[in-house]
Amino acid sequence: MLSGPMDDLAGYIPDFGFELNDLHRFSDDQIKGTVTIRVMMMLYKYIFEPELRHRLPDIFSLFKTLMEKETGLQYLEAVVRYLASVLDEDELSFKQIKEIAEQAISKNTGEYIMTLAEKLRNEGKLEGLVEGEKRGEKRGQKMGRL
C-alpha cells in the first residue's frame, strides 16, 4: 500500500490544544503559580480596566522577591515594555509607573524604569528615522524611474 508524504510525517506533527480562561472570573487570591506567572496573569486581568492604576502597586510588590534574583530586572523590563506597548501615555505615564514602582519595590527600581523609558523613547525615534529613510528611498526610486 502506498502512502502520501503527510502520512510519513504524521507521527512527528504535534497535536496541541489550547485553553482559554477568563481571568475576571477569578479573585486575585485565586490566581496561583510562580511569581512571574502571577504578575503576567494579573496584568492580563487588569490591563484594559480603569482600576489598573490601583492594582499596579500590588502587582509590582510581587516583584520584590524577583528583584533578589539576577533575572528580576529582565522581568520588570518585559512588564514595562508590555505596559508601554498597550497603554497610551495619558492612561498611565512612565512617571506614574516609576512612582508606583518606587513605593512597591524600591527607589532604585523607579530610577531603572525612567532609564528604560528613555531607552524606549530613543528606540521609537530610531524606528521612526529608519521608516522615514525607507519611505524617502522608495520615493527617490520612483522619481528616478520617471
Side-chain angles (χ1 to χ4, degrees), residues 5-6 9-146:
M6 289 306 287
L9 298 175
Y12 300 100
I13 299 173
D15 183 23
F16 295 111
F18 70 94
E19 193 172 316
L20 180 63
N21 288 308
D22 180 7
L23 294 172
H24 288 93
R25 294 183 316 138
F26 301 101
S27 71
D28 293 352
D29 294 335
Q30 290 176 310
I31 296 176
K32 303 286 184 202
T34 64
V35 173
T36 53
I37 288 174
R38 289 174 50 215
V39 166
M40 293 314 296
M41 295 293 243
M42 298 287 280
L43 279 175
Y44 293 152
K45 180 177 179 180
Y46 292 109
I47 193 67
F48 295 115
E49 300 296 326
E51 63 189 286
L52 173 67
R53 186 173 290 144
H54 304 292
R55 298 293 182 168
L56 207 51
D58 294 333
I59 294 170
F60 276 177
S61 69
L62 294 171
F63 269 102
K64 281 185 180 179
T65 57
L66 275 180
M67 297 309 279
E68 296 167 5
K69 298 180 181 178
E70 198 173 304
T71 56
L73 284 178
Q74 292 171 333
Y75 288 120
L76 182 64
E77 181 174 341
V79 166
V80 172
R81 282 180 179 272
Y82 174 67
L83 289 170
S85 70
V86 175
L87 301 174
D88 291 330
E89 184 78 14
D90 61 328
E91 290 177 296
L92 194 63
S93 69
F94 278 112
K95 184 179 178 198
Q96 291 168 320
I97 294 170
K98 170 195 177 276
E99 290 169 0
I100 292 168
E102 284 180 346
Q103 292 171 2
I105 306 169
S106 72
K107 186 157 180 69
N108 288 343
T109 304
E111 291 170 8
Y112 175 76
I113 287 175
M114 290 314 287
T115 302
L116 179 59
E118 188 62 33
K119 180 180 171 185
L120 291 173
R121 285 186 190 108
N122 288 338
E123 285 176 8
K125 288 177 186 175
L126 182 61
E127 198 173 290
L129 286 172
V130 169
E131 185 62 32
E133 286 177 6
K134 286 180 183 177
R135 287 183 185 171
E137 234 175 70
K138 285 180 183 178
R139 285 185 186 157
Q141 288 173 351
K142 272 186 181 176
M143 296 296 285
R145 289 186 203 140
L146 295 178

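Position 1 is the first residue of the sequence; numbering continues from there.
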Go through the steps to decide whether Glu99 and Arg53 satisfy the test salt bridge (charged side-chain N to carboxylate O under 4.0 Å, His left out), and finish with yes or no.
-> CA-CA 11 Å; Glu99 290 169 0; Arg53 186 173 290 144; over 6 Å; no

Going by distance alone, is a donor N or O of one side chain under 3.5 Å from an acceptor N or O of the other, for Tyr46 and Asp58?
-> no

Between atom CG of Leu116 and atom CZ of Arg121, what is the distance when rounded to the nearest 0.5 Å?
-> 10.0 Å

If you look at every heavy atom in Leu23 and Met41, which pair is closest and at what distance?
-> CD1-O, 3.3 Å

Determine, stepwise, if the pair Arg25 / Gln30 fulfils side-chain contact (heavy atoms from CB on, under 4.5 Å).
-> CA-CA 10 Å; Arg25 294 183 316 138; Gln30 290 176 310; over 6 Å; no

Interatomic distance, CD1@Ile100 vs CG@Leu52, rounded to 0.5 Å, equals 7.5 Å

If you measure from the Lys or Arg side-chain nitrogens to the Asp or Glu carboxylate oxygens, is any gap between Asp28 and Lys45 under 4.0 Å?
-> yes

Does the side chain of Ile97 come within less than 4.5 Å of Leu92's, by heavy atoms?
-> yes

Quick one: salt bridge (charged side-chain N to carboxylate O under 4.0 Å, His left out) partners of Lys119, sequence neighbours excluded?
-> Glu77

Test side-chain contact (heavy atoms from CB on, under 4.5 Å) on Leu83 and Ile47 and set out the steps.
-> CA-CA 8 Å; Leu83 289 170; Ile47 193 67; 3.7 Å; yes

Inter-residue atom distance Ile31.CD1 - Met42.CE, 0.5 Å rounding = 5.5 Å

Note: Ala104 and Pro57 closest approach over all heavy atoms is CB-O, 3.4 Å

If you round to the nearest 0.5 Å, how far is CZ of Phe63 from OG1 of Thr109?
-> 9.5 Å

Kindly compute the distance separating CD1 (Ile113) from CD (Glu118), expressed to the nearest 0.5 Å.
-> 14.5 Å

Could you tell me whether the side chain of Leu62 reaches within less than 4.5 Å of the side chain of Thr36, counting heavy atoms only?
-> no

Tell me, yes or no, whether the heavy-atom count around Asp90 atom CG, taken from other residues, nucleotides or ligands under 6.0 Å, exceeds 12.
-> yes

Does the pair Arg81 and Glu123 meet the rule for a side-chain contact (heavy atoms from CB on, under 4.5 Å), with working shown?
-> CA-CA 12 Å; Arg81 282 180 179 272; Glu123 285 176 8; 3.1 Å; yes

Could you tell me which residues satisfy side chain to side chain contact (heavy atoms under 4.5 Å, CB included) with Gln103, sequence neighbours excluded, listed by chain and number?
-> none

How many angstroms lie between atom CG of Leu56 and atom CD of Glu51, to the nearest 0.5 angstrom?
-> 12.0 Å

Over all heavy atoms of both residues, which pair between Met40 and Val79 is shortest? Give the atoms and the distance, please.
-> SD-CG2, 4.1 Å

Between Val86 and Glu91 the two heavy atoms that sit nearest each other are O-OE1, 4.4 Å

Residue pairs, two or more places apart or on separate chains, that pass ring pair (Phe, Tyr, Trp, His ring centres under 6.0 Å) and touch residues 71-99 = Tyr44-Tyr82

